[in-house]
Amino acid sequence: MTSAKLWGGRQTGALNPAFEAFNRSLPFDQRLVSMDIVGSVAWAKALGQAEVLKAAEVAELCSALEQLAEEVRGDPDLLNASDAEDVHAFVEEALIAKLGDLGKRLHTGRSRNDQVATDMRLYQRAAAKDISSRIQDLIAALVELAEREIDTVLPGYTHLQRAQPISAGHHALCYAEMLARDEGRLSDALARQDTCPLGSGALAGTAFDLDREALAKDLGFGAATANSLDAVASRDSQLELVFACSTAMLTLSRLAEDWIFFASQEAGFLKLSDEVTTGSSLMPQKKNPDALELLRGKASRVMGHWTTLASLQKGLPLAYNKDLQEDKEALFDAMDTTLACLEVAAVCVRGAKYDPQACEAACAGGHLDATDLADLLVAKGVPFRDAHERIGILVRAADQEGVGLSQLSPALSQQHLPELASLDLTEELSLTRILERRCVLGGTAPSRVRAAIDTWKTRLKSWNN
Ligand code: ARG
């Protein structure tokens, strides 16, 4: 048995059951219920101010809506038990069940089109704020890691070939920078969607003389939308949020990939906590980085949702079309997935521990000091291009001897590096010296990393206030 439809007058025939199920959005838009109720309360008040409803009617509607909000909070299964078409129908039907004819007055001048656009923006605001605070928490975890591991020296890579040594703290703070931009994209998107569609009607605006700016303020928006068609037909705010989620997920997937490698036996730089690894059902020795692999995998899923939302809007005629109902599952899943991934990523970061000996041992191979040796020649007046070539030749010689650049035979050193005869190369090419030299702004010198950590701590504090 299905209840009467909100739009029941025009059609005489019953819906085909397959289409009826196909058409329903309550199974997935029920999470908008509290937003729909808040929007309805504001709408009732606006109708009161416009003298469409009497003050006593507004009061009755508002208290019934608040009661409904209570009931739904107490028993979320109320929504699952309902056969309403969507969340808006659910709220309206419940109101009519409570108030009879008065409940039927609430939809005056309103359409589900401006209603759903408003509900979604209210939802988006709350969900984006949750994601922002999780990003901040992950950044805090990375800053803690940077502080713990500031003196751990990792081989830094380009082309996945060992390149130059870096502080593990510097590596962690790279992800803090990336995540802060991801968070910035979310906040920017929120600022652009800070307008209230309610009062736009189905597409042309409402015929009742409502103070839409006051309504917008009542719902916590900065202003009312300026064009009714735009208000009901646009979903770019969702596209922007899911784009911001996608870039955050890309950041997580790169961190995941770095750490999957760091934690491999091939590298052995990083130990992941047992909290985020699993074993094998077959091989008793395994410790698999499943959490990180899922972070990497779920990035694809969120990016897929962006594609869904973009293609949903491509070539869509103005104004509302039912295609737009498809925005919900994509948006909700993108935001849920991103939120869950950020939480798990923070657990991974808080439990991770570098193995400083293994990291340092890896820095001993691969001539990570070659650039510094060339720079020492430059300091003695050799043009960099010539120094580069000379060190390149020495790298070949060192490989033949099976030694590092600072352990070359005295004969080779005298022949190729006469300018450096007075220097203690072991000291000059130590990891400590190599790192210390890079104390330029943004560099990996521990003093710089320390300063960056302090800047981050101040920034995190100002976010928390
Ligand atoms: N469930 C619909 C959606 O999510 C609500 C809007 C319905 N509007 C309409 N004209 N049928 O898009």
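Only this structure's heavy atoms are used, side chains among them; waters, hydrogens and symmetry mates stay out. All ligand and atom numbering here is 1-based and tracks the order in the structure.
- On a distance-only criterion, His88 and ligand 1 share no N/O pair closer than 3.5 Å.
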After noting the C-alpha distance and the side-chain angles of Asp29 and Lys328, does the key distance pass the salt bridge (charged side-chain N to carboxylate O under 4.0 Å, His left out) rule? CA-CA 7 Å; Asp29 69 12; Lys328 290 174 195 61; 5.8 Å; no

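- Among protein heavy atoms, the minimum distance from atom 4 (O) of ligand 1 is reached at Lys328 NZ, 2.6 Å.
- Using a 4.0 Å cut-off to heavy atoms of Ser25, the atoms of ligand 1 that qualify are 1 (N).
- Checked for salt-bridge contact, Asp86 and Arg112 meet the test: a charged N lies under 4.0 Å from a carboxylate O.
- At under 3.5 Å, not a single nitrogen or oxygen of Lys322, backbone or side chain, sits near a nitrogen or oxygen of ligand 1.
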Might you work through the ring-ring contact (aromatic ring centres under 6.0 Å, His included) test for Phe262 and His171, ending with a clear yes or no? CA-CA 12 Å; Phe262 287 1; His171 181 270; 5.1 Å; yes

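- In this structure, Arg24 does not pair ionically with Asp83, as no charged nitrogen and carboxylate oxygen lie closer than 4.0 Å.
- The single protein non-hydrogen atom nearest to atom 10 (N) of ligand 1 is Asn113 OD1, 3.0 Å, given as residue, atom name and distance.
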Walk me through whether Glu257 and Arg254 qualify under salt bridge (charged side-chain N to carboxylate O under 4.0 Å, His left out). CA-CA 5 Å; Glu257 173 58 23; Arg254 293 183 77 170; over 6 Å; no

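- Under a 4.0 Å criterion applied to the non-hydrogen atoms of Asp86, ligand 1 contributes the atoms 1 (N), 2 (C), 5 (C).
- Closest to atom 11 (N) of ligand 1 among all protein heavy atoms lies Arg112 NH2, 3.7 Å.
- Rounding to the nearest 0.5 Å gives a distance of 12.0 Å between CD1 of Ile139 and CD of Glu144.
- Heavy atoms of other residues, nucleotides or ligands lying less than 6.0 angstrom from CD of Gln285 number more than 12.
- Shown in contact with Gln325 at under 4.0 Å from a heavy atom are these atoms of ligand 1, numbered in order with element: 1 (N), 2 (C), 3 (C), 4 (O), 12 (O).
- Nearest protein heavy-atom neighbour of atom 12 (O) of ligand 1: Tyr320 OH, 2.4 Å.
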